[in-house]
Q: 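Before I ask anything, here is the structure I am working with.
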Amino acid sequence: MFAGSIGYAVFTGFYGLVTNPYLALVLLIMMGPAYQLRDVAQETIYQNTCSNGMLPKVIAAKLTLVQAVFILSIAFVGTVADLLGVRFVSIFKLHFAVNSSNRNNSISV
């Protein structure tokens with residue numbers, strides 16, 4: 001999970017700095033596997049930690065929270081991008097992703 005988060009953060013940071021559209025496309029393509037590596041590891045933790053009866057409830061709660069946060073983040077990032085520019089958002093995302101991946105991601109159910 002850590003490697004996927006760091007990889008995604010690095011690709012996103014470089015994406016914010018490049019001006020060549022072909023290199024930007026390659027970086028976007030490389031972000032996908034890094035994101036999936038993190039996501040698969042996270043889902044595996046949920047499956048190994050939760051009992052069979054509790055797993056659907058945990059996954060449903062997680063997805064509900066993810067969608068709610070996603071809606072709020074789209075509104076926030078859209079406003080910041082309009083005010084400060086898309087490049088600033090990409091570089092800020094690198095900083096945020098690196099700092100958030102350093103936290104302890106333990107799950108207790």
Side-chain angles (χ1 to χ4, degrees):
M1 191 166 20
F2 180 75
S5 294
I6 292 298
Y8 187 74
V10 168
F11 293 138
T12 302
F14 284 136
Y15 176 77
L17 298 173
V18 300
T19 56
N20 183 333
Y22 297 109
L23 181 56
L25 179 62
V26 169
L27 288 170
L28 282 174
I29 291 170
M30 293 171 70
M31 280 184 216
Y35 185 81
Q36 289 302 315
L37 178 66
R38 184 197 63 119
D39 198 43
V40 166
Q42 190 177 44
E43 291 297 321
T44 301
I45 290 171
Y46 287 131
Q47 291 172 354
N48 290 336
T49 305
C50 297
S51 66
N52 288 339
M54 193 64 145
L55 184 61
K57 295 175 185 176
V58 170
I59 297 295
K62 175 198 165 240
L63 292 176
T64 300
L65 290 172
V66 165
Q67 291 301 315
V69 170
F70 180 70
I71 291 168
L72 294 173
S73 69
I74 291 296
F76 174 73
V77 170
T79 303
V80 172
D82 285 344
L83 296 174
L84 301 175
V86 175
R87 185 171 293 219
F88 174 81
V89 171
S90 294
I91 294 170
F92 177 75
K93 186 177 178 183
L94 168 66
H95 172 73
F96 181 75
V98 168
N99 286 334
S100 68
S101 66
N102 289 330
R103 286 185 278 151
N104 184 5
N105 293 323
S106 62
I107 299 171
S108 59
V109 176

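One-based numbering along the sequence shown. Keep in mind the model is a prediction, meaning the values are calculated, not measured.
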Q: Please enumerate all residues that pass side chain to side chain contact (heavy atoms under 4.5 Å, CB included) together with A81, with sequence neighbours excluded.
A: V86, V89

Q: Applying side chain to side chain donor-acceptor pair (under 3.5 Å) as the test, list every pair that has at least one member in residues 16-29; sequence neighbours left out.
A: none

Q: Is there any side chain to side chain donor-acceptor pair (under 3.5 Å) pair reaching into residues 59-81, and which pairs are they, with sequence neighbours excluded?
A: E43-K62

Q: Please name the pair of heavy atoms, one in G53 and one in P56, separated by the smallest distance, quoted to 0.1 Å.
A: O-CD, 3.8 Å

Q: So if you build clusters from Ile, Leu, Val, Met, Phe, Trp, Tyr with side-chain heavy-atom gaps below 4.5 Å, do V58 and V66 land together?
A: no

Q: Shared ILVMFWY cluster between L23 and L25, side chains joined below 4.5 angstrom?
A: no

Q: List for me each residue that meets side chain to side chain contact (heavy atoms under 4.5 Å, CB included) alongside A24, sequence neighbours excluded, and say none if there are none.
A: Y15, V18

Q: Indicate every side-chain donor-acceptor pair of residues 27-35 with a distance under 3.5 Å to a residue at least two apart or in another chain.
A:
unit_1	atom_1	unit_2	atom_2	d
Y35	OH	R38	NH2	3.3

Q: Would you name the heavy atoms of Y46 and L55 that are closest together and state the gap between them?
A: O-CD1, 3.7 Å

Q: With the 4.5 Å side-chain cut-off for hydrophobic clustering, are L37 and Y8 part of the same group?
A: no

Q: Please identify each residue that fulfils side chain to side chain contact (heavy atoms under 4.5 Å, CB included) with N52, with sequence neighbours left out.
A: none

